[in-house]
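Take a look at the structure below.
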Amino acid sequence: MANSKIILTADDFGVDDSIDNGIIQLVKYRIIHSVEVLANNGEKGAESIRRTEKLLDQAQGVNPELELGVHLTITSGKPVSTANLSEILFDGHFISAKSTKSSANPTAIYTELKAQIEILKSNDRIWSRVTHLTNHHDALWFYPDYTEVYVRVAQEYGLPIRNPRVLPAWSALLYYKYFGPRSASQEDLEKSQKAYDLRKLGHFEARELEYRSTHYLDSSHYSLWRTIIDANPYKTDEFIAHRQQKLREVFRNIRKTHDELGVPQIVEVLLHVREGGVNKSAVKLPKHKRNQAFDKFDLEHYNGISTAYFDGRSVEYHALLWENTDGRLSGLYTDNQIEKGRWDECVAQKLSTI
């Protein structure tokens, strides 16, 4: 029987130096082999392009396996299209994930998503590495109309997408409870909750939905809740050791699922990293700069990326670096009979109608 495969993915490239530098270092060490690029930084995405070219320069000759994903967003930065997205904008910026609404016109969402993809497609060197789509904050799964557009765009470009099925299940539940659209209207809260509940059962409200993806997404190493709560700068070594243990558990659990099902799995493992120390890196925006788009800890130049868990990103970064020393990371692959996976190995997935 073939081995199961793992795709180690880093999100949120292209908007912050410390995040980009951390990802670049892990790419150079061939720890990470999938990077998700936010394409809407700078005028017509020019800054996203510049930063991604830097990534490819650094990866050249040392990480030929590197794949890029377009990290589609409707909850960070500014739109790159001229579509009328006024329902989910404040002062020209996308409103935050916790407040985003279901009322945007699906056609406008479609236009915006395609425009973000086309920014990376306009650069042949970058586009040659693009193999899949993901979405920031999971927001395109919040509301069925947006999800239909997301899947439609993926099908038109012939690209797989990140699987909405997240393990461990409690991690996904906590994410939606605390970082989903909790400040939206009651109607939108109920709509998002219903969509989430149906997905857990393998259903989609509007129609049968087909797409290509991994078997599931493992978020054990990321664990946003623990990243924020446990990132104690006075217990850095302890927290790094905990993250290392989580990575080992990820590999063991993938192997366990393989053995139980008797079917090789391809699994994406979600990582959020940042180069830097664990030194209380959260920076509060001045009150006069906070609004429906910019939350208290957002980057000043780009909303939707919170410094509140920058220390946690640093912990993940150092845990991965330390795990890579003395061949330990390679040992996780061989000991668990797991190989590095690729997005073109994704399988057909389906959400059925109710």
Side-chain angles (χ1 to χ4, degrees), residues 4-12 32 34 36 69 71-75 97-98 100 132-144 146-147 150-151 154 160-182 191-205 209-229 243 246-258 260-261 263 265-273 306 309 312-313 316 338 341 343 345-352:
S4 286
K5 298 186 178 183
I6 191 171
I7 301 173
L8 294 178
T9 299
D11 275 8
D12 304 335
I32 287 173
S34 175
E36 310 312 298
H71 203 40
L72 299 168
T73 183
I74 57 168
T75 53
K98 69 179 183 181
T100 197
H132 60 284
L133 305 176
T134 55
N135 78 102
H136 194 41
H137 294 137
D138 221 23
L140 293 171
W141 290 99
F142 287 173
Y143 306 120
Y146 299 176
T147 301
Y150 178 35
V151 172
I161 62 176
R162 172 172 289 164
N163 201 322
R165 181 182 176 226
V166 178
L167 295 179
W170 61 261
S171 177
L173 180 62
L174 278 178
Y175 181 87
Y176 269 81
K177 183 175 181 179
Y178 292 102
F179 304 101
R182 66 186 189 280
K191 188 177 293 186
S192 179
Q193 185 64 52
K194 181 179 180 181
Y196 173 77
D197 290 341
L198 286 172
R199 278 201 309 279
K200 286 196 301 182
L201 300 173
H203 298 309
F204 185 68
E205 182 177 7
L209 213 58
E210 296 182 346
Y211 50 91
R212 287 189 302 123
S213 189
T214 60
H215 285 93
Y216 62 91
L217 171 71
D218 191 300
S219 66
S220 303
H221 194 266
Y222 172 39
S223 187
L224 179 58
W225 181 252
R226 293 208 57 169
T227 295
I228 293 175
I229 298 302
R243 291 295 93 189
K246 280 296 179 184
L247 186 63
R248 298 178 195 122
E249 288 177 12
V250 167
F251 277 80
R252 287 197 297 267
N253 289 337
I254 292 172
R255 184 66 215 184
K256 181 180 178 182
T257 302
H258 176 125
E260 289 175 348
L261 298 179
V263 176
Q265 303 289 295
I266 180 160
V267 180
E268 182 190 7
V269 175
L270 180 62
L271 307 168
H272 286 75
V273 300
S306 176
Y309 53 92
R313 287 181 184 264
E316 285 197 57
I338 292 174
W343 283 93
E345 298 171 307
C346 283
V347 296
Q349 302 282 359
K350 180 170 67 175
L351 295 175
S352 60

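We find the CD-OG1 distance between Glu268 and Thr9 to be 3.5 Å, quoted to the nearest 0.5 Å. Between the OG atom in Ser192 and the CG atom in Asp138 there is a gap of 9.5 Å [rounded to 0.5 Å]. Separating the CZ atom in Phe142 from the CD1 atom in Ile74 is a distance of 8.0 Å, to the nearest 0.5 Å. One finds the CZ atom of Arg255 at 13.0 Å from the CG atom of Asn253 (value rounded to the nearest 0.5 Å). Within the model, atoms CD of Gln349 and CZ of Arg212 stand 11.0 Å from one another, a figure rounded to the nearest 0.5 Å. Atom-to-atom distance recorded for Arg199:CZ and Tyr176:OH is 4.0 Å, nearest 0.5 angstrom.
In this structure, the side chain of Asn135 engages the main chain of Leu140 through a donor-acceptor pair within 3.5 Å. Under the 3.5 Å distance criterion, the side-chain polar atoms of Ser213 are matched with a main-chain donor or acceptor of Asn163. The closest donor-acceptor contact from the side chain of His215 to the backbone of Val267 lies at 3.5 Å or more, if one exists at all.
A 4.5 Å side-chain heavy-atom check between His132 and Cys346 finds every atom pair outside the cut-off. No side-chain heavy atom of Tyr175 sits under 4.5 Å from any side-chain heavy atom of Ser219. Contact check for Val151 versus Phe204: no side-chain heavy atoms found under the 4.5 Å cut-off. Between Thr257 and Tyr216, the closest side-chain pair of non-hydrogen atoms falls below 4.5 Å. Using a 4.5 Å heavy-atom cutoff, the side chains of Val269 and Phe251 are not in contact. Between Pro164 and Tyr211 the shortest side-chain heavy-atom distance falls below 4.5 Å.
Residues satisfying the side-chain contact (heavy atoms from CB on, under 4.5 Å) criterion with Lys194, sequence neighbours excluded, are Leu198, Glu205. Arg165 is linked by a salt bridge (charged side-chain N to carboxylate O under 4.0 Å, His left out) to nothing, counting only residues two or more places apart in sequence or in another chain.
A side chain to side chain donor-acceptor pair (under 3.5 Å) with Asp11 is found for exactly one of Arg313, His136, Arg162, namely Arg162.
When only modelled atom types and interatomic distance are considered, Glu36 and Thr134 share a side-chain donor-acceptor pair under 3.5 Å.
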Test side chain to side chain contact (heavy atoms under 4.5 Å, CB included) on Leu133 and Tyr150 and set out the steps.
-> CA-CA 9 Å; Leu133 305 176; Tyr150 178 35; 4.2 Å; yes
